[in-house]
Amino acid sequence: MSDPIRGLIPNVAEGKALMQVFWRQVCSLMRNTRQGVVIVAYIPQSRDQQKIYHSALNDLAKQVEIDGARHTAAVWKRLTLAAFFEETREMPEFREEWRALGALLIQGQILTTVTSTDFSKVLASAYLTFLHSLGDGQGVQWSPTSLGREAANDSSADGAKAAA
């Protein structure tokens, strides 16, 4: 068997063009060797990214009021995901990923629940930046975990690198 064809598809937006390149390579390989194997892998967000943004949501819940009341981290997550979707849904680098995730906006109403579960590493990184920007504007004093300085009881040496 010949050398495998390897490639990385970093996000949905670049996926189609990269798959076309991979397909041409596979066709060439199969014409020459009559053999071929294609493996497509998706790189999801890291566990460290999830820990960091959940910590940031907890910091927001503890320190910021909405209409004079504090809310849980779960409420903050729903609110910030909806706001993040609204802010990023038409950005070229995220448009296709939002569609692939099933996010749907019709006449200003988000019709499906926006979740972070299936975010790519790139979209999760943008969500972290969004959360930090929001909190910075409200004067949030971030915990070390929320800044990626410790990976929330993880053995990771550099949580900040993992979040990028």
Side-chain angles (χ1 to χ4, degrees), residues 6-19 22 39-106 108-164:
R6 298 183 189 275
L8 170 66
I9 299 174
N11 56 54
V12 174
E14 297 176 47
K16 183 177 181 181
L18 290 171
M19 286 301 290
F22 296 151
I39 300 172
V40 178
Y42 171 74
I43 299 181
Q45 63 188 305
S46 71
R47 186 70 186 123
D48 283 344
Q49 284 177 308
Q50 292 173 346
K51 289 176 183 179
I52 293 166
Y53 66 66
H54 283 113
S55 178
L57 291 163
N58 282 319
D59 286 348
L60 286 166
K62 290 175 188 172
Q63 299 177 43
V64 181
E65 293 181 354
I66 300 173
D67 292 330
R70 297 232 191 270
H71 296 279
T72 66
V75 169
W76 273 98
K77 188 172 185 182
R78 296 279 70 82
L79 293 172
T80 58
L81 282 171
F84 177 63
F85 169 67
E86 184 60 35
E87 185 170 301
T88 61
R89 68 186 171 91
E90 291 303 325
M91 291 181 173
E93 64 268 34
F94 300 129
R95 185 180 307 128
E96 292 302 317
E97 186 165 352
W98 281 122
R99 286 190 185 125
L101 291 173
L104 183 60
L105 181 81
I106 296 180
Q109 299 294 314
I110 299 173
L111 298 183
T112 57
T113 302
V114 177
T115 68
S116 59
T117 304
D118 295 321
F119 279 6
S120 67
K121 194 167 193 155
V122 173
L123 193 60
S125 181
Y127 180 53
L128 282 168
T129 300
F130 178 84
L131 289 175
H132 287 135
S133 177
L134 175 71
D136 289 346
Q138 298 294 319
V140 169
Q141 298 296 309
W142 298 110
S143 64
T145 303
S146 296
L147 296 173
R149 293 191 182 134
E150 59 184 60
N153 299 322
D154 193 346
S155 61
S156 172
D158 190 357
K161 275 187 187 174

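Values reported hereafter were calculated over all heavy atoms of this structure, with side chains retained and with hydrogens, waters and symmetry mates removed. When a residue number appears, it is its place in the shown sequence, counting from 1.
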*Met91 to Glu87 - nearest heavy-atom pair and separation*: CE-O, 3.8 Å
_Gap between atom CD of Gln138 and atom CD of Glu65 - 0.5 Å precision_ = 10.5 Å
_Spacing of CD1 belonging to Ile66 relative to CH2 belonging to Trp76, to within rounding of 0.5 Å_ = 4.0 Å
*Could you pull out the closest heavy-atom pair between Ala61 and His71, with the gap in Å?*
CB-O, 3.1 Å
*Could you give the distance from CG (Leu134) to OG1 (Thr80), rounded to the nearest 0.5 Å?*
7.5 Å
*Would you say the side-chain atoms of Lys77 and Ser116 include a donor-acceptor pair closer than 3.5 Å?*
yes
*Is the closest side-chain heavy-atom distance between Leu131 and Tyr127 below 4.5 Å?*
yes
*Between His132 and Leu147, does a side-chain contact (heavy atoms from CB on, under 4.5 Å) hold up when you go through it step by step?*
CA-CA 8 Å; His132 287 135; Leu147 296 173; 4.2 Å; yes
*Could you list the residues that satisfy side chain to side chain contact (heavy atoms under 4.5 Å, CB included) with Thr129, not counting sequence neighbours?*
none
_Considering all heavy atoms, the nearest Gly148-Ile52 contact_ = CA-CD1, 3.6 Å
*Could you pull out all residues at least two apart from Phe130 that satisfy ring pair (Phe, Tyr, Trp, His ring centres under 6.0 Å)?*
Phe84
*If you round to the nearest 0.5 Å, how far is CZ of Phe94 from CZ of Phe85?*
13.0 Å
*Rounded to the nearest 0.5 Å, what's the gap from CG on Leu128 to CG on Asp48? Could you check?*
10.5 Å
_Shortest non-hydrogen separation from Gly139 to Gln63 and the atoms involved_ = O-OE1, 4.3 Å
*asked:* I'd like to know if the side chain of Asp136 pairs up with that of Trp142 as donor and acceptor (distance under 3.5 Å, no hydrogens or angles considered).
replied: yes
_Can you tell me how far apart CZ (Arg70) and CG (Leu60) are? Round to the nearest 0.5 Å._
10.5 Å
_Please give me the minimum heavy-atom distance between Asp59 and Ser146, naming the atom from each residue._
OD2-OG, 2.6 Å
